[in-house]
Amino acid sequence: MIPMILRRAMTIGADMKIVSVGPSGFDYKTWAEVGSRSMRLSAALEELGIPEGAAVGSFAWNGHRHLELYYGVPGSGRVLHTVNVRLHGDDIEYVVKHAGDQAIFVDASLTGTLAPLRSRLRVKTFVVMDDGGEVAPEFDSDPRYEDLLESVQPMEHTASEESDAASICFTSGTT
């Protein structure tokens, strides 16, 4: 279902702008670009060795890279786990471990928040997404999102079963 939604957006809204705002200012992408980049992300997950069905965390602001994760992760047969960036460190640790995240895609400006938790999270791979923010030293040697996308060719999203998980959302205790 998710690949169908993305194909539709890429066709009908190919030239429609998606506007993201981050530490470095405004960033504009079209649905065609977001679609292509999400298909590259799917291929990059293969290159990283993240198995199908695995949970992939995002610790990111609401921008185009996060949107690409919403399509690219489940489109590749993996499950997107959006981690609330406003949670307390102990709660972040709990939800990441409970979800079993094998990778976390983190905005550069948020690496400082994850830095003290990094060794406790038991995550195989961290990928830093450059949003114009400073990267904490603990993440200096981790792969960069844009480099990963550049290193692969777009991969068609796989059709999933209706009962396959697409995402994991934890409540932060609000009702």
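As the structure is a computational prediction, the values presented were derived from the model and not from experiment.
Scanning both residues, Gly35 and Ser38, for their nearest heavy atoms gives O-OG, 2.9 Å. Shortest non-hydrogen contact noted between Pro116 and Gly112 is CD-O, 3.3 Å. Closest of all the heavy-atom pairs between Ala60 and Leu110 is CA-CD1, 3.7 Å.
The CH2 atom of Trp31 sits 4.0 Å away from the OH atom of Tyr71 when rounded to the nearest 0.5 Å. For the atom pair CD (Gln102) and CG (Leu45), the distance works out to 11.0 Å, reported to the nearest 0.5 Å. Rounding to the nearest 0.5 Å gives a distance of 7.0 Å between CD of Glu46 and OG of Ser76. Interatomic distance, Thr125 OG1 to Ile50 CD1, rounded to the nearest 0.5 Å: 4.5 Å. Rounded to the nearest 0.5 Å, atoms CG (Asp91) and CG (Asn84) are 9.5 Å apart. Once rounded to the nearest 0.5 Å, the distance linking CG of Leu148 with CG of Leu48 reads 5.0 Å.
Residues Val83 and Asp101 form a side-chain contact, since some pair of their non-hydrogen atoms from C-beta on lies under 4.5 Å apart. Side-chain contact between Met39 and Met10 is present, with at least one heavy-atom pair separated by less than 4.5 Å. With contacts defined as side-chain heavy-atom distances shorter than 4.5 Å, the pair Asp27/Arg65 qualifies. Proximity of Ile92 to Phe59: side-chain heavy atoms (C-beta onward) are separated by under 4.5 Å at one or more points. Between Thr82 and Cys169 the shortest side-chain heavy-atom distance falls below 4.5 Å.
Linking Ile, Leu, Val, Met, Phe, Trp and Tyr residues whenever their side-chain heavy atoms come within less than 4.5 Å leaves Trp61 and Met129 in two separate clusters. Val56 and Val127 fall within the same hydrophobic cluster, where Ile, Leu, Val, Met, Phe, Trp and Tyr residues are linked whenever their side-chain heavy atoms come under 4.5 Å apart, directly or through other members. In this structure, Leu121 is a member of the same hydrophobic cluster as Val85, with clusters built from ILVMFWY side-chain heavy atoms closer than 4.5 Å. No path of Ile, Leu, Val, Met, Phe, Trp and Tyr side chains, each step under 4.5 Å between heavy atoms, connects Met155 with Leu149, placing them in separate hydrophobic clusters. In the hydrophobic clustering of this structure, Val135 does not group with Tyr145; members are Ile, Leu, Val, Met, Phe, Trp, Tyr whose side-chain heavy atoms approach within less than 4.5 Å, directly or through other members.
Not counting sequence neighbours, Thr113 has no partner by the side chain to side chain donor-acceptor pair (under 3.5 Å) test. Lys97 meets the side chain to side chain donor-acceptor pair (under 3.5 Å) test with Glu93; sequence neighbours excluded. Not counting sequence neighbours, the partners of Arg37 by the salt bridge (charged side-chain N to carboxylate O under 4.0 Å, His left out) test are Glu68, Glu146. Remark: Asp90 engages Arg120 in a salt bridge (charged side-chain N to carboxylate O under 4.0 Å, His left out) (not counting sequence neighbours). The salt bridge (charged side-chain N to carboxylate O under 4.0 Å, His left out) check on Glu47 picks up nothing, with sequence neighbours excluded. For Asp131, the side chain to side chain donor-acceptor pair (under 3.5 Å) partners two or more places apart in sequence, or in a different chain, are Ser109.
A donor-acceptor distance shorter than 3.5 angstrom exists from the side chain of Thr30 to the backbone of Ala14, with no hydrogens or angles considered. With hydrogens and angles ignored, the 3.5 Å screen pairs no side-chain donor or acceptor of Thr111 with any backbone N or O of Asp107. A donor-acceptor distance shorter than 3.5 angstrom exists from the side chain of Ser42 to the backbone of Gly72, with no hydrogens or angles considered. When atom types are taken as modelled, the side chain of Arg78 and the backbone of Ala55 share no donor-acceptor pair closer than 3.5 angstrom. At least one donor-acceptor pair closer than 3.5 Å links the side chain of Thr11 to the backbone N or O of Arg7.
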Verdict with supporting geometry, Ser20 and His64, side-chain hydrogen bond (donor to acceptor under 3.5 Å, both in side chains):
CA-CA 6 Å; Ser20 300; His64 72 87; 5.1 Å; no

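Relative orientation of the Tyr28 and Phe26 rings is parallel, given thresholds of 30° and 60° on the angle between their planes.
In this structure, Arg118 satisfies the cation-pi test against Phe139, with its NZ or CZ atom closer than 6.0 Å to the six-membered ring centre and inside 45 degrees of the ring normal.
Partner of Val128 under the side-chain contact (heavy atoms from CB on, under 4.5 Å) criterion, chosen from Ile104, Asp142, Asp147: Asp142.
The six-membered or imidazole ring of His98 lies near that of Phe170, with a centre-to-centre distance under 6.0 Å.
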